[in-house]
Amino acid sequence: MIKTIAGTKDTLPIEIYKWHYLENLVRSVMKEFNYKEIRTPIFEETALFSRGIGESTDIVSKEMYTFMDRSETSLTLKPEMTASVVRSVLEHSLDKQQQLNKLYYISPMFRQERPQAGRYRQFHQFGAEALGASEPSLDAEMIILAYDVLKKLGLKSLDIKINSLGIPESREYYKTLLKKYLSDKTVHLSDESKKRLDTNILRIFDSKDETDQKIMEDAPLLLEHLDNDSLEKFERVKELLLLAQVPFEVDPRLVRGLDYYTNTTFEIISNSVGSQSALCGGGRYDLLANHIGDRNIPGVGFAAGIERILLACENENCLSINDENPYVYLIRLNKELVKETYNIGLKFRRAGISVELDYLNRSVKAQMREANRLNTRKALFVGGDEYENGEVVLKDMDTGDQEIIKISQLDGIIKKIKG
RNA sequence: GUGGGUAUAGCUCAGUUGGUUAGAGCGUCUGGUUGUGGCCCAGAAGGUCAUGGGUUCAAGUCCCAUUACUCACCCCA
């Protein structure tokens, strides 16, 4: 038997309503904030990601699905969306048509990691990117936007962590301070962290190793060494979050893995999922456009993991009601009336009312059981004396009440149901 | 890439110190008097006990290998 490959999964009909619900919610919140949807190809030239995300990152160095096509071009399935969106804005000069572009997406992403709870090789993200302004109001808007979606789903145990990485100049200076601080402690660091000394020293803060954490407790913090402009922007982000009544905590240790971040970074964490607890992450990337293109476009954005969010919803019992069932089930009382029943069903369907009926030649009892299983609101009986008299019987499945309706009045009934 | 766990019906799982024909609940299907669901009752279908080897008179059960799944590390959504 051929099965799905590791780290991918089928989303079966029984659970699809959750995805529809989440997707609809995302679209409506995005509309409230005036973000426009953008769709980009599932694969891009490899160079876009290696340059945009950063050669030294884990994503680029070991997690990308990269392959050659027949013309020997190196292609990569998108591992994240920001680089693609920025590429698209540059390519179509959206930044020249209007100064600020507010964009959102819902899309699959691909990373070749070892799968575990809340981590898949094909996974799905929704997210937003605002390109063309470095105003802190947009940084705050990203956090508010993401938080509103999660809140509207009914999620409770959410922690928002924010930090500022400042600008490269102050960050470089700070790195020398950190190196100096660690210089006499290097031997005590974990092997992983020793490697980070050269590749990405900031990420030693992320280490889960206990001795590492102890060492880092007294380390100098980037937040204490920001330039004045970055500090002021960070203050404004915090002000706006307070005003929006979005709870957050400043986490000076929050260091995101991607190279392109400047100033604001943030993460939304849930403690009702497994160890992959980040539902959402994002930040500002004012330098990215220049990296992959020919001009500067300041930007800020976030990405949220749909599988993780749905997992959290499951564990917190949100989204438990599936309302994607047909409205009425047609019960065929006499076997000879197959065509007639089918035709009445078609009438409902073409009028925009969702209908199911029997395709298996089953007994009336079996048809009723099916109607009950589907949880339809009504059952409509076609056949017997009533049908001979030009009538059908409409039964309410909750109350059990039945009423006799002239077939000639069916159009009116349909109108009433729709109204 | 590293480490732990698991593998018996469509799903969730029992299966004793190895011992006849492998079980339950849920789900599915049929029926419980002409044409009416849920609850209840009766019945039916459904299994290469992951795969391959080994030990034994005898293996779902013990041993080894393989594969798959799963959780965690690294990192991330």
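The chains referred to below are lettered A, B, ... by the order of the sequence lines, with proteins before strands, and numbering in each begins at 1.
- B/rA42 and B/rU56: their P atoms are spaced 48 Å apart (whole Å).
- As judged by a 4.0 angstrom heavy-atom cut-off over every strand, A/Met109 is placed among residues making no nucleic acid contact.
- Between the side chain of A/Arg308 and the base of B/rC76, at least one donor-acceptor pair of N or O atoms lies under 3.5 Å.
- Residue-level contact check: A/Arg332 touches neither bases nor backbone, having no heavy atom under 4.0 Å from any strand.
- One can place CG of A/Leu311 at 20 Å from P of B/rC76, the figure rounded to the nearest angstrom.
- For B/rG23 and B/rG47, the C1' atoms lie 11 Å apart once the distance is rounded to whole Å.
- Comparing A/Ala303 and A/Glu370 by the nucleotide of RNA chain B whose heavy atom lies nearest to each, the residue mapping closer to the 5' end is A/Glu370.
- Consecutive Watson-Crick or G-U pairs involving RNA chain B, each under 3.5 Å on both distances, make up stems of three or more pairs at B:1-7 with B:67-73, B:10-13 with B:23-26, B:28-32 with B:40-44, B:50-54 with B:62-66.
- Across B/rG5 and B/rG38, the matching P atoms stand 47 Å from one another, rounded to whole Å.
- Comparing the same atom, P, in B/rU30 and in B/rC71 gives a spacing of 37 Å after rounding to whole Å.
- Each of A/Thr4 and A/Glu80 has a nearest nucleotide on RNA chain B; the 5'-most of these lies closest to A/Thr4.
- For the C1' atoms, the distance from B/rU12 to B/rU6 is 15 Å, rounded to whole Å.
- Distance check on atom C1': B/rU21 versus B/rG25 gives 22 Å, rounded to whole Å.
- With hydrogens and angles ignored, a donor-acceptor pair closer than 3.5 Å exists between the side chain of A/Lys395 and the base of B/rU36.
- Here B/rA77 presents its C1' atom at 6 Å from CZ of A/Arg111, a figure rounded to the nearest Å.
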Cut-off 3.5 Å, no hydrogens considered: what does the side-chain donor-acceptor table look like for residues 134-146 of chain A, sequence neighbours left out?
residue: A/Glu135; atom: OE1; partner: A/Arg236; partner atom: NH2; Å: 3.4
residue: A/Asp139; atom: OD1; partner: A/Arg284; partner atom: NE; Å: 3.0
residue: A/Asp139; atom: OD1; partner: A/Arg284; partner atom: NH2; Å: 2.7
residue: A/Asp139; atom: OD2; partner: A/Thr264; partner atom: OG1; Å: 2.7
residue: A/Asp139; atom: OD2; partner: A/Arg284; partner atom: NE; Å: 3.0
residue: A/Glu141; atom: OE2; partner: A/Tyr35; partner atom: OH; Å: 2.7
residue: A/Glu141; atom: OE2; partner: A/Lys102; partner atom: NZ; Å: 2.9

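- With hydrogens and angles ignored, no donor-acceptor pair closer than 3.5 Å exists between the side chain of A/Glu113 and the base of B/rG1.
- Between A/Asp396 and A/Lys378, at least one side-chain nitrogen of the basic residue sits less than 4.0 Å from a carboxylate oxygen of the acidic one, meeting the salt-bridge criterion.
- Between B/rG46 and B/rC26, the distance separating the two C1' atoms is 14 Å to the nearest Å.
- The existence of a salt bridge linking A/Lys152 and A/Glu32 is confirmed by a sub-4.0 Å separation between a basic side-chain nitrogen and an acidic carboxylate oxygen.
- Atom CD in A/Glu267 sits roughly 7 Å away from atom P in B/rA77 (whole-Å rounding).
- With hydrogens and angles left out, the side chain of A/Gln402 and the base of B/rU36 share a donor-acceptor pair within 3.5 Å.
- Under the stacking criterion of a centre-to-centre distance below 5.5 angstrom and an interplanar angle below 30°, A/Phe123 sits stacked against the six-membered ring of B/rA77.
- Contact annotation: A/Arg362 reaches the phosphate of B/rC29 (side-chain N/O to OP1 or OP2, under 4.0 Å).
- With P as the reference atom, B/rU67 and B/rG10 are 25 Å apart, rounded to whole Å.
- Using a 4.0 Å cut-off between a side-chain N of Lys or Arg and a carboxylate O of Asp or Glu, A/Arg349 and A/Glu356 qualify as a salt bridge.
- Judged by distance alone, with hydrogens and angles left aside, A/Arg369 brings a side-chain donor or acceptor within reach of the base of B/rG32, the pair sitting under 3.5 Å.
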